[in-house]
Amino acid sequence: MHRVYMILSLMLSSAVAVYSQNCSKVAFTLPVSSENAIFTSPPNPTNETDIIRFMLEAFRGTPPPTKGSTTVSGNFTIIGTYCVPSQQTTDKNALQVLVHGITYGKDYWAGLGFGDEFNWHLAANARGYATLAIDRLGHGENPQRPDPLTVVQPQMHVEILHQIMAAVRNKSPPSPLNVLGRGYDKVIWVGHSYGSFLGSTIARQFPADADVIVLTGFSTTENFTDVLTVSWTAAAHHAPATGNLPFGYLTLANEADRTSVFYAGDFDPALPPLDFWLEDTITDGEAAVIPILLEPAPEYTKPVFVATGAQDVFFCNDPTVAECEAKLAKSRVDFFPNVAEDDFGFFAPDRTGHDIHLHFSAPLTYAAVHDFLDAKLA
Ligand SMILES: *[C@@H]1O[C@H](CO)[C@@H](O)[C@H](O)[C@H]1NC(C)=O
Ligand SMILES: *[C@@H]1O[C@H](CO)[C@@H](O)[C@H](O)[C@H]1NC(C)=O
Ligand SMILES: *[C@@H]1O[C@H](CO)[C@@H](O)[C@H](O)[C@H]1NC(C)=O
Ligand SMILES: *[C@@H]1O[C@H](CO)[C@@H](O)[C@H](O)[C@H]1NC(C)=O
């Protein structure tokens with residue numbers, strides 16, 4: 001029954017896409033250098049148990065010790081889905097760069113192809129914003145799977161995304177790295193979860209990059225208990241079709257665990273099975289350096305909007321919407337002390353879990369975010 005419904009809605013969404021969406025696949029090729037952490041006692045790369053133990057240390061609040069950093073360089077290809085408003089919509093000359101969370105890729109923003117109501121691109125394009133959802137290095141459709149511990153670290157993501165944010169901005173002469181065919185006057189960061197923490201890190205390190213920062217599945221009152229209780233596996237064991245992926249590419253081992261952390265309240269029960277089927281990975285390097293993502297951004301002074309489900313197990317999970325709202329308001333004080341209260345907005349949809357726009361409250365979230373953007377960019 002669910003299966004039939006799922007196939008039907010996939011067919012419907014692709015049929016609708018033909019006339020309502022103008023999207024294309026783009027590929028950035030970027031020369032990147034990053035100061036990556038060196039670990040004092042790295043895990044044994046052939047011992048899955050040891051790698052999982054190592055990854056979870058950071059979520060337990062005791063990140064593995066490091067001994068300085070080293071410059072890691074590479075030419076990386078980053079694939080994106082780029083969607084523009086239809087010609088009937090007023091073009092706001094503003095681009096949203098959409099950055100996914102852990103164990104997802106860029107298709108998270110397209111609602112995993114499940115249905116138009118869960119498609120962030122469509123909602124943004126209808127309001128006149130262009131969208132670019134990228135696959136972070138090591139994830140999604142990107143052709144490269146670099147060393148998960150030494151290369152795929154948060155600082156590397158920050159350097160890559162800093163280059164993309166700079167490349168897509170309208171300037172003269174245009175950046176040779178921009179593959180969109182045009183630049184934008186306004187560039188907006190939209191993150192989910194880990195992608196939100198990368199956004200607050202960009203705000204700290206490169207405060208000029210974004211005109212507005214939107215953080216979803218985020219607060220500064222994080223509770224990672226459920227990361228420790230779900231079961232993890234090397235992606236190579238979970239989906240052998242991924243071939244010889246190093247064990248440091250990890251993922252969730254079962255659907256029930258995945259559903260329990262990403263969904264809550266009101267959602268379509270046919271969505272989590274598809275989500276599990278399509279799941280991506282987290283690397284041990286992404287997890288182990290999490291502390292660099294948890295610092296304030298006092299240099300950033302432009303608008304910030306936070307949208308987090310009231311039942312998000314990691315960032316709210318409160319009995320009442322008001323308690324969640326209080327946490328979201330507190331994230332301005334904790335992370336963005338120099339953003340004026342007027343330039344800070346938040347929204348906590350009820351009956352909604354971590355994957356905020358994959359719930360039935362999605363239209364409310366889209367409206368709250370875009371009303372804020374319209375007001376701040378006017
Ligand atoms: C789709 O967008 C491109 C720009 O990215 C534009 O040149 C083209 O005309 C658009 N097509 C439609 C059908 O709107
Ligand atoms: C793998 O790592 C675990 C956890 O660190 C350890 O207990 C176990 O002895 C290791 N196994 C082998 C074969 O080295
Ligand atoms: C990246 O590509 C450029 C041009 O091909 C080359 O000169 C450079 O050495 C490459 N960098 C790395 C780190 O591979
Ligand atoms: C953290 O989350 C766990 C599991 O969801 C919950 O049992 C615990 O009470 C939470 N801790 C706090 C301080 O809210």
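Counting convention: from 1, in listed order, for ligands and their atoms alike. The analysis underlying the following values was restricted to heavy atoms, covering all of them including side chains, and did not include hydrogens, waters or symmetry mates.
Judged by the 6.0 Å and 45° rule, R182 forms a cation-pi pair with Y184.
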Inset, instruction - Test Y104 against H139 for ring-ring contact (aromatic ring centres under 6.0 Å, His included), laying out the working first. - result: CA-CA 8 Å; Y104 286 97; H139 301 291; over 10 Å; no
Inset, instruction - Under the ring-ring contact (aromatic ring centres under 6.0 Å, His included) rule, what do H359 and F267 come out as? Steps first, then yes or no, please. - result: CA-CA 5 Å; H359 288 71; F267 58 89; 5.7 Å; yes
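The 12-atom threshold is exceeded at NZ of K302, counting heavy atoms of other residues, nucleotides or ligands nearer than 6.0 Å.
Each of the atoms 1 (C), 2 (O), 3 (C), 8 (C), 10 (C), 11 (N), 12 (C), 14 (O) of ligand 4 lies under 4.0 Å from some heavy atom of N223. For ligand 3, the atoms closer than 4.0 angstrom to any heavy atom of G74 are 13 (C).
Nearest heavy-atom pair, L293 versus P154, reported as atom, atom and distance to 0.1 Å: CD2-CB, 3.8 Å.
Between W109 and H192, the ring planes lie perpendicular to each other; the angle is over 60°, past the 30° to 60° tilted range. Ring-plane geometry between F197 and F218 is classed as tilted, the angle between the planes lying from 30 to 60 degrees on a 0 to 90 degree scale.
Side-chain contact between D209 and P207 is absent, with no heavy atoms from C-beta onward closer than 4.5 Å.
Around ligand 2, the residues contributing at least one heavy atom under 4.0 Å from the ligand are N47, D50, R53.
Distances from ligand 4 to the non-hydrogen atoms of V313 include no value under 4.0 Å. The shell of residues lying under 4.0 angstrom from ligand 3, judged by heavy atoms, excludes P31.
Contacts of D226 with ligand 4, taken as heavy-atom pairs under 4.0 Å, involve the side chain alone.
Between N75 and ligand 3, a contact under 3.5 Å exists for at least one N or O pair.
No single ILVMFWY cluster, assembled from side-chain heavy atoms under 4.5 Å apart, contains both Y263 and V321.
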